[in-house]
There are 2 protein chains.
Amino acid sequence: MINPLARKLSSFVDLSPDDCRHLDDLCTDTRTWGAGGTLIREGERPEVVFLLLDGWACRYKLLPDGSRQIMAYLIPGDLCDIHIFILKAMDHSIGLLSEANVAAISKAAMQRTLEERPAIARALFWSTLVDEATLREWLVNMGQRDAYARLAHLFCEMWLRMKQIGLTHGNSFTLPVTQEELGDTMGLTSVHVNRVLQRLRAEGLLSLARGQMTLHDIDRLREIAGFDPNYLHLDRRD
Amino acid sequence: MINPLARKLSSFVDLSPDDCRHLDDLCTDTRTWGAGGTLIREGERPEVVFLLLDGWACRYKLLPDGSRQIMAYLIPGDLCDIHIFILKAMDHSIGLLSEANVAAISKAAMQRTLEERPAIARALFWSTLVDEATLREWLVNMGQRDAYARLAHLFCEMWLRMKQIGLTHGNSFTLPVTQEELGDTMGLTSVHVNRVLQRLRAEGLLSLARGQMTLHDIDRLREIAGFDPNYLHLDRRD
DNA sequence: CGATAGTTTGATATCCTTCAAAACCTGTGG
DNA sequence: CCACAGGTTTTGAAGGATATCAAACTATCG
């Protein structure tokens with residue numbers, strides 16, 4: 001399976017070969033963007049739905065004082081803006097954390113998919129609910145955990161999400177995010193992120209260098225973070 | 001208009017009198033719960049959809065160490081658990097902040113509504129997206145603003161949301177939330193919440209006593225909070 | 001009127017920020 | 001192959017926002 005969206009949705013529903021082909025057909029209009037670019041800006045009303053095929057992006061808001069809060073990481077298989085069917089304008093922006101390959105899906109094509117492919121529609125709704133649950137968990141993370149547990153939690157989550165779409169190699173995965181960006185994600189300064197990372201490294205829990213993350217002791221990291229993956233709803237069984 | 005859900009959805013779509021009647025019909029099985037009760041517990045799979053008709057509730061998670069994070073306030077017109085159509089189990093709990101009147105809507109009735117009432121279905125999807133946008137804004141709040149701005153922001157938001165459903169009296173509204181609960185909401189201790197509230201009161205910005213909140217200077221509060229209501233998507237105009 | 005939950009106060013500790021500079025990469029052009 | 005530029009990571013010292021702990025005070029309600 002090549003299409004990362006199909007890969008992701010398959011962890012929730014069984015997609016027919018026909019559904020998979022359909023998803024592939026949606027991804028004909030693709031384009032590569034450079035790292036640091038902006039896919040969608042707050043206030044805009046995009047004309048197409050963007051699907052990340054390769055690379056990382058993030059949802060973020062800029063505040064009047066120049067600070068930035070990153071509110072979600074988008075990885076291959078993630079849709080950027082299904083909101084456009086309903087809402088008048090984006091209430092946040094989407095930026096690229098790495099070079100990325102992005103498919104632009106027309107509103108009409110997307111609409112047709114939702115109407116004609118109930119399995120896909122259902123899985124997309126599931127995906128929306130998981131996004132929301134993830135936001136809630138991030139809120140818990142920011143509100144209740146110190147920087148040490150907070151970073152550990154983020155890394156546990158991203159490892160699982162990357163694994164879900166088949167992009168881990170053992171305990172390693174690509175994490176194309178600077179310490180500055182990690183800070184903007186966790187409500188910390190990059191200085192403090194740096195010091196906490198050093199501690200995590202010194203304790204032999206992980207390695208992170210040149211955008212490559214390896215978790216050496218996932219069990220311990222989960223323990224530190226109080227990580228419970230239930231909010232990702234990866235479990236299909238009833 | 002009595003039904004608070006109809007009231008809320010009307011700020012997004014024009015509901016026909018028939019739609020409104022339909023919503024009223026959904027609210028036949030109602031019950032009053034005492035403050036402090038738990039509507040739904042994490043891990044459960046509710047059999048019905050709960051709709052808050054009167055009173056306040058909150059989404060929250062309890063952590064192993066006993067701390068609690070409140071992730072959303074639910075006010076009249078809010079649905080507690082549309083998730084049940086898709087997800088296997090609740091990933092958080094819902095508790096009552098005040099005495100509350102709650103309608104229990106059967107899954108089947110809800111399903112029928114979604115299928116037969118496109119205007120309502122569309123409005124409910126809008127409502128879900130607004131909930132998600134609100135979570136993102138809360139994340140910004142926790143990550144980037146200090147306790148002073150954070151509380152100001154929360155109060156600006158709740159005033160607008162209460163206004164939307166017609167439950168404000170001028171600049172006043174019911175806020176049946178203890179300082180402890182405010183702390184669990186904003187990732188602060190109740191002690192610190194207390195001190196910040198005192199400052200806000202001393203500056204003549206608000207009064208809060210016995211669950212009654214009055215905002216004396218909304219413009220100034222918005223300024224302090226950096227409050228931009230765009231994320232609530234209250235504006236219907238294109 | 002006493003019990004209980006909620007609010008307020010003070011003193012001290014800690015996590016994290018701020019500021020500023022140095023060290024380290026990585027890619028580029030000479 | 002070296003030198004240089006720009007972004008990123010690392011380090012140190014000092015300050016500030018918020019937590020912690022413990023006790024007193026205040027409402028509310030049966």
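The sequence lines fix the lettering, A, B, ..., with proteins before strands; numbering per chain opens at 1. The structure presented is a predicted model; accordingly, all values stated were derived computationally and were not measured.
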For A:Arg210 and for A:Val196, locate the closest nucleotide of DNA chain C by heavy-atom distance; then report the residue assigned to the nucleotide nearer the 5' terminus.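 Its nearest nucleotide being more 5', the pick is A:Val196.
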For B:Arg201 and for A:Val191, locate the closest nucleotide of DNA chain C by heavy-atom distance; then report the residue assigned to the nucleotide nearer the 5' terminus. B:Arg201
Would you kindly give the [atom1]-to-[atom2] distance between [X] and [N], to the nearest whole Å?
| X | N | atom1 | atom2 | answer |
| --- | --- | --- | --- | --- |
| B:Leu182 | C:dA5 | CG | C1' | 16 Å |
| B:His192 | C:dG6 | NE2 | P | 21 Å |
| A:Leu197 | D:dT9 | CG | P | 9 Å |
| A:Met142 | C:dC16 | CE | C1' | 13 Å |

Under 4.0 Å between any heavy atoms, over every strand shown, what does [X] touch: base, sugar-phosphate, or nothing? Just pick one.
| X | value |
| --- | --- |
| A:Gly187 | sugar-phosphate |
| A:Arg145 | nothing |
| B:Leu188 | sugar-phosphate |
| A:Thr178 | sugar-phosphate |

Test side-chain contact (heavy atoms from CB on, under 4.5 Å) applied to B:Tyr231 and B:Glu157, step by step: CA-CA 10 Å; B:Tyr231 69 95; B:Glu157 174 183 313; 2.6 Å; yes
When you check the phosphate oxygens OP1 and OP2 of [N], does a side-chain N or O of [X] lie under 4.0 Å from one of them?
| X | N | result |
| --- | --- | --- |
| A:Arg199 | D:dT10 | no |
| A:Gln179 | D:dG7 | no |
| A:Asn194 | D:dT10 | yes |
| A:Gln198 | D:dT11 | yes |

Inspect the contact between B:Asp78 and B:Arg59 and indicate whether a charged nitrogen and a carboxylate oxygen are less than 4.0 angstrom apart. no
Identify whether the distance between the nearest side-chain nitrogen and carboxylate oxygen of B:Asp228 and A:Lys61 falls below 4.0 Å.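 Looking at B:Asp228 and A:Lys61, the cut-off is not met.
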What are the two closest non-hydrogen atoms of B:Leu74 and B:Ile94, and how far apart are they? CD1-CG2, 4.0 Å
Where the side chain of A:Arg195 is concerned, which of C:dT18, D:dA17, C:dC16 is the nearest nucleotide?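 So the side chain of A:Arg195 is nearest to C:dT18.
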Between B:Glu181 and B:Thr178, is there a donor-acceptor pair closer than 3.5 Å when you use the side chain of the first and the backbone of the second?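 Looks like yes, one N/O pair under 3.5 Å.
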